[in-house]
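Each residue takes its place number in the sequence, starting with 1. For ligands, and for the atoms within them, numbers begin at 1 and follow the listed sequence.
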Amino acid sequence: MRIDILTLFPEMFQGPFSESIIKRAQEKGVAELQCHNIRDYSTNKHKKVDDYAFSGGAGMVMSIEPIAILIEKLKAERDYDEIIYVTPDGEQLNQSISNQLSLKGNIMILCGHYKGVDQRVRDHFITREISIGDYVLTGGELAAAVIVDSVIRLIPGAISDETSALTDSFQDNLLAPPVYTRPADYKGMKVPDILLSGDGKKIEAWKEQQAYERTKKRRPDLLK
Ligand code: 6GU
């Protein structure tokens, strides 16, 4: 899978993309991540990428031209399955959307800043708009990094134990059960006896029960 990120702040991705699973996925060739600085495609002598809104009011709007030039350049190089704009007014990200995206070949993610991008970019180029939740971030970059992280870890080969992504919270609409590791007794804080019993069937039943109880208590909306 290839993901192209269109941003005014490519350096914001260096940290998240150069550690752990996302780093390994790139090294293994499971995923290719490319960041593009929209400012490099400004035709303005001052490299301007935004302007005042025609409707007035506070805040700048990202101009169509540099974004359109960059999107057209990328589209000429390969076909894209999805061109995503990350925005607080998009559909809210969930595990099902991440699963869908993990099956795609090439996707672009456009990050907005200021008051967002000129509506014509959204009307003419964007195929899907995604938010990561009902709160406002400074820009789309952190949201894009969240989407990329949730998608890449689902690609076969990204996680060494391939079954592990399947047992995540949300993958079956249930939260994950509690987990424990050694020591079995830390200063009197004990691991539940059943987990030390060696009875695989009972342990599986306990895990299912715990997952269900936790979901009922914390996220009853998931059980509907
Ligand atoms: Cl995608 N962008 C911004 N700026 N804020 C957000 C968001 C996106 N998703 C939730 N809040």
D134, CG atom: more than 12 neighbouring heavy atoms under 6.0 Å: no

Which segment of S131 sits under 4.0 Å of ligand 1 when only heavy atoms are counted: both

Atom 9 (N) of ligand 1: the protein heavy-atom neighbour that sits closest, reported with distance to 0.1 Å: I132 N, 3.0 Å

Identity and separation of the nearest protein heavy atom to atom 3 (C) of ligand 1: P88 CD, 3.6 Å

Atom indices of ligand 1, in the order listed, that fall short of 4.0 Å to a heavy atom of G139: 2 (N), 3 (C), 4 (N)

Proximity flag I130 to ligand 1, non-hydrogen atoms under 4.0 Å: yes

Shortest protein contact, atom 10 (C) of ligand 1 (heavy atom only): G133 O, 3.0 Å

A143: numbered ligand 1 atoms lying under 4.0 Å from its heavy atoms: 1 (Cl), 8 (C)

Student check: side-chain heavy atoms of D168 and R153 closer than 4.5 Å: yes

Sub-4.0 Å atoms of ligand 1 with respect to non-hydrogen atoms of V86: 1 (Cl)

F9 CZ to I38 CD1 distance, which is reported to the nearest 0.5 Å: 9.5 Å

Protein contact of atom 1 (Cl) of ligand 1 - nearest heavy atom, named by residue and atom, plus distance: T87 N, 3.0 Å

Over 12 non-hydrogen atoms of neighbours within 6.0 angstrom of NZ in K48: yes

Y135, any N or O under 3.5 Å of ligand 1 N or O: yes

Nitrogen or oxygen of L137 less than 3.5 angstrom from that of ligand 1: yes

Salt bridge (charged side-chain N to carboxylate O under 4.0 Å, His left out) evaluation trace for D40 with K73: CA-CA 12 Å; D40 294 342; K73 176 186 116 96; over 6 Å; no

Residue pair K104 / M1: nearest heavy atoms and the distance that separates them: O-CG, 3.7 Å

Structural part of D134 in contact with ligand 1, heavy atom criterion under 4.0 angstrom: neither

Neighbour count >12 (heavy atoms, 6.0 Å) for atom CG, D79: no

Closest non-hydrogen atom pair, V86 against C111: CG2-CA, 3.9 Å

